[in-house]
Amino acid sequence: MMQVLSTKNGATTIKEPSVGRLIILTGPSGVGKGTLMRSLLQRHPELYYSISVTTRPQRPGEIDGKDYYFISRSKFEQMVDRGELLEWAEFAGNYYGTPREAVLKQISSGRTVVLEIELKGARQIRASYPCAISIFILPPSLNELERRIRNRAQDSMEAITRRLRCAGEEINAAHEFDLQIVNDDFETALNSIEAALFT
Ligand SMILES: Nc1ncnc2c1ncn2[C@@H]1O[C@H](COP(=O)(O)OP(=O)(O)OP(=O)(O)O)[C@@H](O)[C@H]1O
Ligand SMILES: Nc1nc2c(ncn2[C@@H]2O[C@H](COP(=O)(O)O)[C@@H](O)[C@H]2O)c(=O)[nH]1
């Protein structure tokens, strides 16, 4: 990173341009990561949300290029082969990945980047970017997690079963991350994330 000289009132100071931080939000499917992330971005529009690529079919209401970049499996595999993904994983039968270039560009320009990703991808990022701040979102109980994922009514019965099957293993890995936050009362969880990032 280049140093910048700045002169004010005759005095010259050297400023080190800051590099942005990398934040990981992870936790089981249906725990509320996406909902928390949207509220966090509303409160802090200066954060850069990394839009993932996925081979999952688009849900009604989802916008290509906003919620995800929806791509074919062959295109996804091509991106993996070309090293275009910072991390990637298969989750509940679909591929998900973080486009490398956009994230690195934002970080080097000083912006804080937030990733909302599942466990395997979060582990990859922690291994390659040990400075990343990682937050694991926990449900108040497995019953409540199941209630949320079913009530969301966005996935087939089969997809819901697959997702719930992964949840136990994911929750057991919560201790690997810097911070564990229970998303019981939504505002309390949001405030805890905010406190972790900004205080
Ligand atoms: N604190 C909360 N109390 C009750 N319901 C909640 C709470 N937080 C989120 N929800 C609801 O739970 C459902 C799942 O939330 P969301 O889609 O954000 O989960 P997610 O972790 O992003 O899931 P996925 O990983 O599958 O994308 C949504 O219907 C959301 O409105
Ligand atoms: N490893 C990655 N996981 C990702 C990425 N983008 C999203 N996700 C996670 O996948 C599951 C399922 O998401 P859904 O939208 O199908 O419900 C969820 O845990 C997301 O956080 C990514 O780029 N890499």
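One-based numbering, in listed order, for ligands and for the atoms of each. All figures in this text were calculated on a predicted structure; none of them were measured in a lab.
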**Q** Pairs of nitrogen or oxygen atoms closer than 3.5 Å, one from Arg38 and one from ligand 1: do any exist?
**A** no
**Q** Can you tell me which portion of Met37 lies within the under-4.0 Å heavy-atom range of ligand 1? Options are side chain, backbone, both, or neither.
**A** neither
**Q** Please classify the Pro28 to ligand 1 contact at 4.0 Å (heavy-atom distances, strictly less than): side chain, backbone, both or neither.
**A** backbone
**Q** So which heavy atom in the protein is nearest atom 26 (O) of ligand 1, and how far is it from that ligand atom?
**A** Ser29 OG, 2.5 Å
**Q** Looking at ligand 1, does any of its N/O atoms fall within less than 3.5 Å of an N/O of Arg163?
**A** yes
**Q** Can you check whether Trp88's main-chain N or O pairs, donor with acceptor, with Gln124's side chain at less than 3.5 Å?
**A** yes
**Q** Which residue in the set Arg148, Glu144, Lys33 passes side-chain contact (heavy atoms from CB on, under 4.5 Å) when paired with Asn183?
**A** Arg148
**Q** In the protein, which heavy atom is nearest to atom 31 (O) of ligand 1, and how far is it?
**A** Thr35 OG1, 4.1 Å
**Q** Tell me: protein heavy atom nearest atom 5 (N) of ligand 1, and distance?
**A** Arg148 NE, 3.5 Å
**Q** Examine the proximity of ligand 1 to Glu116 and report which part, side chain or backbone, both or neither, has a heavy atom under 4.0 Å away.
**A** side chain
**Q** Mind checking whether Phe136 and Leu25 sit in one hydrophobic cluster, side chains of I, L, V, M, F, W, Y counted as touching below 4.5 Å?
**A** yes
**Q** Would you say the side-chain atoms of Thr54 and Ser52 include a donor-acceptor pair closer than 3.5 Å?
**A** no
**Q** In terms of residue, atom name and distance, what is the protein heavy atom nearest to atom 8 (N) of ligand 1?
**A** Asn183 ND2, 3.0 Å
**Q** Going by heavy-atom distance to atom 22 (O) of ligand 1, choose the closest among Gly32, Gly34, Ala153, Ala189.
**A** Gly34
**Q** Can you see whether Tyr95 has Arg73 sitting over its ring - NZ or CZ less than 6.0 Å from the centre and within 45° of the normal?
**A** yes
**Q** Going by an N to O cut-off under 4.0 Å, is there a salt bridge joining Arg126 and Asp178?
**A** yes
**Q** Could you go step by step and tell me if Glu146 and Arg150 meet the salt bridge (Lys or Arg N to Asp or Glu O under 4.0 Å) rule?
**A** CA-CA 6 Å; Glu146 181 166 353; Arg150 289 193 191 285; 2.9 Å; yes
**Q** Of the side chain and backbone of Asp184, name the one, both, or neither that has a heavy atom under 4.0 Å from an atom of ligand 1.
**A** backbone
**Q** With respect to atom 23 (O) of ligand 1, which of Gly27, Ala92, Gly30 exhibits the smallest heavy-atom separation?
**A** Gly30
**Q** Within the 4.5 Å heavy-atom criterion, are Ile51 and Pro99 side-chain neighbours or not?
**A** no
**Q** Is it the case that one hydrophobic cluster holds both Leu138 and Phe186, taking links as side-chain heavy atoms less than 4.5 Å apart, direct or via other members?
**A** yes
**Q** Could you tell me whether a side-chain N or O of Thr26 sits under 3.5 Å from a main-chain N or O of Ile117, the two making a donor and an acceptor?
**A** yes
**Q** Taking the non-hydrogen atoms of Asn151, is any one of them nearer than 4.0 angstrom to ligand 1?
**A** no
**Q** First locate atom CZ of Phe70, then atom OG1 of Thr55, and finally report the distance between them rounded to the nearest 0.5 Å.
**A** 10.5 Å
**Q** Nearest protein heavy-atom contact for atom 24 (P) of ligand 1: which residue, which atom, what distance?
**A** Arg152 NH1, 3.4 Å
**Q** Dump the pairs for me: ligand 2 N or O, protein N or O, distance under 3.5 Å, to 0.1 Å.
**A**
{"unit_1": "ligand 2", "atom_1": "1 (N)", "unit_2": "Glu87", "atom_2": "OE1", "d": "2.8"}
{"unit_1": "ligand 2", "atom_1": "1 (N)", "unit_2": "Glu118", "atom_2": "OE2", "d": "2.7"}
{"unit_1": "ligand 2", "atom_1": "3 (N)", "unit_2": "Glu118", "atom_2": "N", "d": "3.1"}
{"unit_1": "ligand 2", "atom_1": "6 (N)", "unit_2": "Ser52", "atom_2": "OG", "d": "3.0"}
{"unit_1": "ligand 2", "atom_1": "13 (O)", "unit_2": "Tyr68", "atom_2": "OH", "d": "3.3"}
{"unit_1": "ligand 2", "atom_1": "15 (O)", "unit_2": "Arg56", "atom_2": "NH2", "d": "2.9"}
{"unit_1": "ligand 2", "atom_1": "15 (O)", "unit_2": "Tyr68", "atom_2": "OH", "d": "2.5"}
{"unit_1": "ligand 2", "atom_1": "16 (O)", "unit_2": "Arg56", "atom_2": "NE", "d": "2.5"}
{"unit_1": "ligand 2", "atom_1": "16 (O)", "unit_2": "Tyr96", "atom_2": "OH", "d": "2.6"}
{"unit_1": "ligand 2", "atom_1": "16 (O)", "unit_2": "Arg163", "atom_2": "NH2", "d": "2.8"}
{"unit_1": "ligand 2", "atom_1": "17 (O)", "unit_2": "Arg59", "atom_2": "NH2", "d": "3.0"}
{"unit_1": "ligand 2", "atom_1": "17 (O)", "unit_2": "Arg163", "atom_2": "NH1", "d": "2.7"}
{"unit_1": "ligand 2", "atom_1": "19 (O)", "unit_2": "Lys33", "atom_2": "NZ", "d": "3.3"}
{"unit_1": "ligand 2", "atom_1": "21 (O)", "unit_2": "Glu116", "atom_2": "O", "d": "3.4"}
{"unit_1": "ligand 2", "atom_1": "21 (O)", "unit_2": "Glu116", "atom_2": "OE2", "d": "3.0"}
{"unit_1": "ligand 2", "atom_1": "23 (O)", "unit_2": "Ser52", "atom_2": "OG", "d": "2.7"}
{"unit_1": "ligand 2", "atom_1": "23 (O)", "unit_2": "Glu87", "atom_2": "OE2", "d": "3.3"}
{"unit_1": "ligand 2", "atom_1": "23 (O)", "unit_2": "Gly97", "atom_2": "N", "d": "3.3"}
{"unit_1": "ligand 2", "atom_1": "23 (O)", "unit_2": "Gly97", "atom_2": "O", "d": "3.0"}
{"unit_1": "ligand 2", "atom_1": "23 (O)", "unit_2": "Thr98", "atom_2": "N", "d": "3.4"}
{"unit_1": "ligand 2", "atom_1": "23 (O)", "unit_2": "Thr98", "atom_2": "OG1", "d": "3.4"}
{"unit_1": "ligand 2", "atom_1": "24 (N)", "unit_2": "Glu87", "atom_2": "OE1", "d": "3.3"}
{"unit_1": "ligand 2", "atom_1": "24 (N)", "unit_2": "Glu87", "atom_2": "OE2", "d": "2.7"}

**Q** For residues 39-49, run the donor-acceptor check on the side chains, cut-off 3.5 Å, and write out each pair with its distance to 0.1 Å, sequence neighbours left out.
**A**
{"unit_1": "Ser39", "atom_1": "OG", "unit_2": "Thr35", "atom_2": "O", "d": "3.4"}
{"unit_1": "Arg43", "atom_1": "NH1", "unit_2": "Asn191", "atom_2": "OD1", "d": "3.0"}
{"unit_1": "Arg43", "atom_1": "NH1", "unit_2": "Glu194", "atom_2": "OE1", "d": "2.6"}
{"unit_1": "Arg43", "atom_1": "NH2", "unit_2": "Glu187", "atom_2": "OE1", "d": "2.9"}
{"unit_1": "His44", "atom_1": "ND1", "unit_2": "Glu46", "atom_2": "OE2", "d": "3.2"}
{"unit_1": "His44", "atom_1": "NE2", "unit_2": "Glu194", "atom_2": "OE2", "d": "2.7"}

**Q** Could you state the interatomic distance from CZ (Arg152) to CZ (Arg59), rounded to the nearest 0.5 Å?
**A** 4.5 Å
**Q** Among protein heavy atoms, which lies nearest atom 25 (O) of ligand 1, and at what distance?
**A** Lys33 NZ, 2.6 Å
